[in-house]
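Quick one: the structure is below, questions incoming.
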Amino acid sequence: MRTHTCGQLRAEQISQTVKLCGWVDSARDHGGAVFLDLRDRYGKTQVVASPEGGDSLVQAASRLRSEDVIRVVGRVEQRPPGTVNTKLPTGEIEVRIQELEVLNKSKTAPFTPGQADLPNEDLRLKYRYLDLRRPQMQKTLLLRSRMLEIIRAYFAERQFVDVETPFLGRSTPEGARDYLVASRVFPGRFYALPQSPQLYKQILMVAGYDRYVQIARCFRDEDLRADRQPEFTQLDLEMSFVDAEDVIGMIDGLIARLAKAVLDIDLALPLPRMTYDEAMARFGHDAPDLRFGMELVDCTDLARVCEFRVFRQATDTGGYVRGINAQGAASQFSRKRLDELTEYVKQDFGARGLAWFRVESEGKLWSPIAKNFPDSWLAELAERMQASPGDLLLFVADRWDVTCKALAGLRKRLGSELKCYDPAQLHCSWVVEFPMFERDQEDERWVAMHHPFTAPRPQDLPLLETEPARARAQAYDLVINGSEAGGGTIRIHDHHLQQRVFDLLGIPPELAEERFGFLLDALQYGAPPHGGIALGIDRCVMLFSGRDSIRECIAFPKTQRAMDLMTEAPGEVDGRQLDELGLRVLPMI
RNA sequence: GGGGCCGUAGCUCAAUUGGUUAGAGUACUGGACUGUCGAUCCAGUGGUUGCGGGUUCGAGUCCCGUCGGCCUCGCCA
């Protein structure tokens, strides 16, 4: 039907007769001549209907509207002097229409790809096919496609085996909420869609496929966020006879290749590392944004010797007083905005409050609470915070975890609002040596921080039963611009150690046997040492393309309530389907 | 489950302290125009202000509820 695409024609094709197909992007009707911008995913080309082609041609062209699909046959011509469009790669030429065929007339669209203002997101999602016509969306999906191409090539070159694992598996006791699929053959029994192919890839290691890779779809029935969708794509891989360094090195190479190919950025390897403890101390977060400073400063020792009731109450009960210095920000934060920040740390992180000081000329600290402190103490605080005139100091006095969350939240918010970094910059690093376990506040038990198959550091083995809180895992997270882009661990390959960890997590042997019996069995049949990692592909595309929502990087994403506005999934089903599955829907109260 | 923002013409938005007939741009329809490229010019159509209730002489505006979208805490091994 066509000889060229709409982004292809240049001066070299002048005087050739060509056939183009595409969507009418815009039409400019001058009565005598009609100019049309014809669009496809490759670009735009101006095609012209003029009286030389006949009155009926001009009439037909004047009836065309945005998003009509047409085919034209015509001659490529040099544009007259002064009418070259330098904004278009094809702007030097135009196609003089000889034949015009309307392949499909479009209804007037609720919005068009060319319009200046982006419509609301719900409308974009309902008419996703229109939204996906926008060059911006096409650019992002093409970038995603290219990244996947590079990833597949990278691992193919390194003898990785691509193995597909089941979608229909069984529910796991820990982790995220599962999406369930009812079994027809076994009424009352359910498959679970995979949260990740974790167990299968470990089994593949036991089976001797010592380098496994898969671009795997994963499902988690949890609440959504700007960077979280209920179904998402992971680059999942696993390797045998490796340690953490081997896996990290493998991913270093991949990230560097992607950065070079996609953004033309040369990343220095190896990517920087930081331990979990250091990340929490310096940034209050296990995925710190290292594009800017504003590090957390511990002032607990100073607080302990002051008389200010709020600080003393925190330190006397084993809490901490930590702060950040928003350099030069004092004048930008009115009383009202500081109240907003206070409300933010209270509401979002459960902090009891926010103490703040403005650094005045001569370096004196001013604050409504300053009268609670002697000048010498304030001077010491200013020095600790490396305060300069014009700075804004913010402090949270609370439990360790609250100071972490609140200050990390403030740091992220202020870093963005104060433009502390170049949004186009790409900063990749690793956070390593995560704790093996964390305390479940409600149930008063230990839960695996990563997952229950994570191997502790060999030197921490004795701590498992004595001081589980201090045991560190052979775990590593890839952090890009303050986002967790992926994470992995070296796995337990010893059956006895796996049992010990299950015991510690309070998973009874019978339950472990029921849920993971096949893995525990497999570990006894010659399981090699192994480990791996999974990267969130959607998130990586988001970070590499500089978008701020994962939905912009997924062709057909779901809303915050996990609905697909185009297909209106989830939908109701026929009573007969429920009968076959032995299911009955209860009325919701 | 909690907190916040938003919902006005097909679309993007405006509408003074609660005050006359809810406006603009764009799209759409009709007309003019042979060099535009966000074409231009003229005219026109288009509204249950998401929905329901309340307060008021009077509600797009205030209050309550509800539906939908977004951000976020919890949650996400």
Side-chain angles (χ1 to χ4, degrees), chain A residues 25-38 44-53 58 62-63 65-67 77 79-88 90-91 94 96 107-112 114-127 130 172-178 195-196 198-199 218-230 232 340 343-351 405-406 409 412-413 434 436-438 440-442 446-454 473 475 484 487 489 501 505 507 536 548-549 551 558-561 563 565:
Chain A
D25 194 65
S26 66
R28 295 171 293 281
D29 183 356
H30 284 247
V34 179
F35 300 92
L36 303 166
D37 284 341
L38 195 59
K44 288 197 282 191
T45 299
Q46 174 163 285
V47 300
V48 190
S50 55
E52 303 89 86
V58 175
S62 73
R63 282 193 293 272
R65 294 293 177 271
S66 279
E67 304 315 302
E77 295 181 357
R79 290 205 195 184
T83 65
V84 168
N85 186 347
T86 51
K87 288 187 217 161
L88 285 182
T90 61
E94 62 193 6
R96 182 75 53 175
K107 282 173 68 177
T108 299
F111 62 95
T112 57
Q115 80 185 43
D117 296 314
L118 209 56
N120 284 328
E121 190 164 358
D122 48 353
L123 203 71
R124 294 175 54 203
L125 291 174
K126 181 175 179 186
Y127 298 95
L130 298 179
T172 48
E174 291 194 59
R177 191 178 297 113
D178 284 318
Q195 296 177 26
S196 79
Q198 182 61 35
L199 294 169
C218 304
F219 306 86
R220 293 177 191 176
D221 187 4
E222 297 291 349
D223 285 349
L224 282 71
R225 288 284 188 282
D227 62 352
R228 269 163 37 188
Q229 280 275 304
F232 59 101
E340 283 170 15
E343 201 46 43
Y344 169 59
V345 295
K346 280 180 165 176
Q347 174 62 42
D348 277 16
F349 306 109
K405 285 178 186 172
K412 182 177 181 183
R413 183 169 165 167
F434 280 69
M436 278 290 287
F437 312 105
E438 55 192 345
D440 186 306
Q441 301 287 351
E442 288 171 24
W446 293 107
V447 293
M449 191 152 184
H450 195 77
H451 58 53
F453 319 109
T454 299
E484 180 193 331
T489 63
V501 170
L505 294 172
I507 301 174
D548 48 20
S549 165
R551 296 185 300 278
K558 294 184 172 53
T559 66
Q560 191 158 49
R561 297 177 66 221
M563 187 161 172
L565 292 182

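In what follows, chains carry the letters A, B, and so on, assigned in the order in which the sequence lines appear, proteins first and then strands, with residues in each chain numbered from 1. Keep in mind the model is a prediction, meaning the values are calculated, not measured.
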Task: OP1 or OP2 of B:rC73 under 4.0 Å from side-chain N/O of A:Lys346 - done: no
Task: Test item: A:Gln195 side-chain N/O and A:Ala176 main-chain N/O as donor-acceptor pair under 3.5 Å - done: yes
Open item on the list: Using side-chain heavy atoms (C-beta onward) and a distance below 4.5 Å, is A:Arg551 in contact with A:Lys558?
Closed with: no
TODO: Determine the interatomic distance between P on B:rU61 and the same-named atom on B:rU17; round to the nearest Å.
DONE: 15 Å
Task: ring-ring contact (aromatic ring centres under 6.0 Å, His included) partners for A:Phe437, two or more places apart - done: none
Nucleotide N/O of nucleotides 23-25 of chain B paired with protein N/O under 3.5 Å:
none

Task: Sub-4.5 Å side-chain heavy-atom contact between A:Leu38 and A:Leu36 - done: no
TODO: Mind listing the closest non-hydrogen atom pair of A:Asp548 and A:Ala226 along with its distance?
DONE: O-CB, 4.0 Å
Task: Residues in contact with RNA chain B, drawn from residues 44-51 of chain A - heavy-atom cutoff 4.0 Å - done: A:Gln46, A:Pro51
Task: A:Leu118 or A:Thr108, whichever maps to the more 5' nucleotide of RNA chain B - done: A:Leu118
Open item on the list: Let me confirm one number: the CG-CG distance from A:Asp122 to A:Leu125, rounded to the nearest 0.5 Å.
Closed with: 7.5 Å
Task: A:Ser62 backbone acceptor or donor facing A:Arg65 side chain under 3.5 Å - done: yes
Open item on the list: Just so I know, are the side chains of A:Asp25 and A:Ser66 near enough to count as touching, which here means a heavy-atom distance under 4.5 Å?
Closed with: no
Open item on the list: With rounding to the closest Å, how many angstrom separate the C1' atoms on B:rC37 and B:rG50?
Closed with: 38 Å
- [ ] Report yes or no: is there a donor-acceptor pair, N or O only, under 3.5 Å between the side chain of A:Arg177 and the base of B:rG74?
- [x] no
Open item on the list: Could you tell me the Watson-Crick or G-U partner of B:rU26, where both distances fall under 3.5 Å? Say none if there is no partner.
Closed with: B:rG10
- [ ] Could you give the distance separating B:rC13 and B:rC6 at their C1' atoms, to the nearest angstrom?
- [x] 13 Å
TODO: Could you tell me whether the side chain of A:His451 reaches within less than 4.5 Å of the side chain of A:Gln198, counting heavy atoms only?
DONE: yes
Please write out the pairs of protein N or O atoms and N or O atoms of nucleotides 2-8 of chain B separated by less than 3.5 Å, giving the distance to one decimal.
unit_1 : atom_1 : unit_2   : atom_2 : d
B:rG3  : O4'    : A:Gln347 : NE2    : 2.9

Open item on the list: Any base atoms under 4.0 Å from A:Pro119, or only sugar-phosphate, or nothing? Heavy atoms, all strands.
Closed with: sugar-phosphate
Task: A:Arg228 side-chain N/O to A:Asp223 backbone N/O, donor-acceptor pair under 3.5 Å - done: yes
If you restrict it to nitrogen or oxygen atoms, what contacts under 3.5 Å exist between nucleotides 39-45 of chain B and the protein, and what is each distance?
unit_1 : atom_1 : unit_2  : atom_2 : d
B:rA39 : N6     : A:Asp29 : O      : 2.8

TODO: Take the protein atom CG of A:Leu38 and the nucleotide atom P of B:rC37, then report the distance between them rounded to whole Å.
DONE: 19 Å
Open item on the list: Is there a side-chain contact between A:Arg413 and the phosphate of B:rU72, meaning an N or O under 4.0 Å from OP1 or OP2?
Closed with: no
- [ ] Hey, could you give me the CG/CZ distance between A:Leu130 and A:Phe111, rounded to the nearest 0.5 Å?
- [x] 5.0 Å
- [ ] Under a 3.5 Å limit for both distances, which nucleotide forms a Watson-Crick or G-U wobble pair with B:rA15, could you say?
- [x] none
Task: Under 3.5 Å donor-acceptor pair, A:Arg124 side-chain atoms to B:rC11 base atoms - done: no
- [ ] Among the candidates B:rG1, B:rG38, B:rU36, find the nucleotide nearest to the side-chain atoms of A:Asp223.
- [x] B:rG1
Task: Six-ring centre of A:Tyr344, A:Arg413 cation under 6.0 angstrom, axis tolerance 45° - done: yes
TODO: Please examine the side chains of A:Asp37 and A:Arg28, heavy atoms only from C-beta on, and report whether any two atoms are closer than 4.5 Å.
DONE: yes
TODO: Would you mind reading off the distance between A:Phe35 atom CZ and B:rC37 atom P, rounded to a whole angstrom?
DONE: 9 Å
Open item on the list: Using a 4.0 Å heavy-atom cut-off, does A:Pro452 contact any base of the nucleic acid, only the sugar-phosphate backbone, or nothing at all?
Closed with: base
Open item on the list: If you count every heavy atom of other residues, nucleotides or ligands that lies below 6.0 Å from A:Asp440 atom CG, does the total exceed 12?
Closed with: yes
- [ ] May I ask you to decide if A:Leu224's main-chain N or O and A:Gln229's side chain share a donor-acceptor pair within less than 3.5 Å?
- [x] no
Polar atom pairs between nucleotides 68-71 of chain B and protein, under 3.5 Å, N or O only, would you list them?
unit_1 : atom_1 : unit_2   : atom_2 : d
B:rG68 : OP1    : A:Arg561 : NH1    : 2.7
B:rG68 : OP2    : A:Arg561 : NH1    : 2.9
B:rG68 : O5'    : A:Arg561 : NH1    : 3.3
B:rG69 : OP1    : A:Thr559 : OG1    : 3.2
B:rC70 : OP1    : A:Gln560 : N      : 3.2
B:rC70 : OP2    : A:Gln560 : N      : 2.9
B:rC70 : O3'    : A:Arg551 : NH2    : 2.9
B:rC71 : OP1    : A:Arg551 : NH1    : 3.1
B:rC71 : OP1    : A:Arg551 : NH2    : 2.9
B:rC71 : OP2    : A:Arg551 : NH1    : 3.4

TODO: Check the pair A:Glu67 / A:Lys107 against salt bridge (charged side-chain N to carboxylate O under 4.0 Å, His left out), numbers first and verdict last.
DONE: CA-CA 8 Å; A:Glu67 304 315 302; A:Lys107 282 173 68 177; over 6 Å; no
- [ ] Evaluate the side-chain proximity of A:Arg79 to A:Glu94: yes if any heavy-atom separation is below 4.5 Å, no if none is.
- [x] yes
Open item on the list: So A:Phe453 and A:Leu199, do their side chains get closer than 4.5 Å, heavy atoms only?
Closed with: yes
TODO: Could you tell me whether A:Glu52 contacts a base, only the sugar-phosphate backbone, or nothing, with contacts defined as non-hydrogen atoms closer than 4.0 Å?
DONE: base
Open item on the list: Please report the distance, rounded to the nearest Å, between CZ in A:Arg63 and P in B:rC28.
Closed with: 16 Å
- [ ] Mark yes or no for a side-chain to base donor-acceptor pair under 3.5 Å between A:Arg228 and B:rC76, with no hydrogen or angle criteria applied.
- [x] yes
Task: Separation of atom CD in A:Gln115 from atom P in B:rU12, rounded to whole Å - done: 8 Å
TODO: Answer yes or no for this row: A:Phe111 ring on B:rC11 base, centroids under 5.5 Å, planes under 30°.
DONE: no
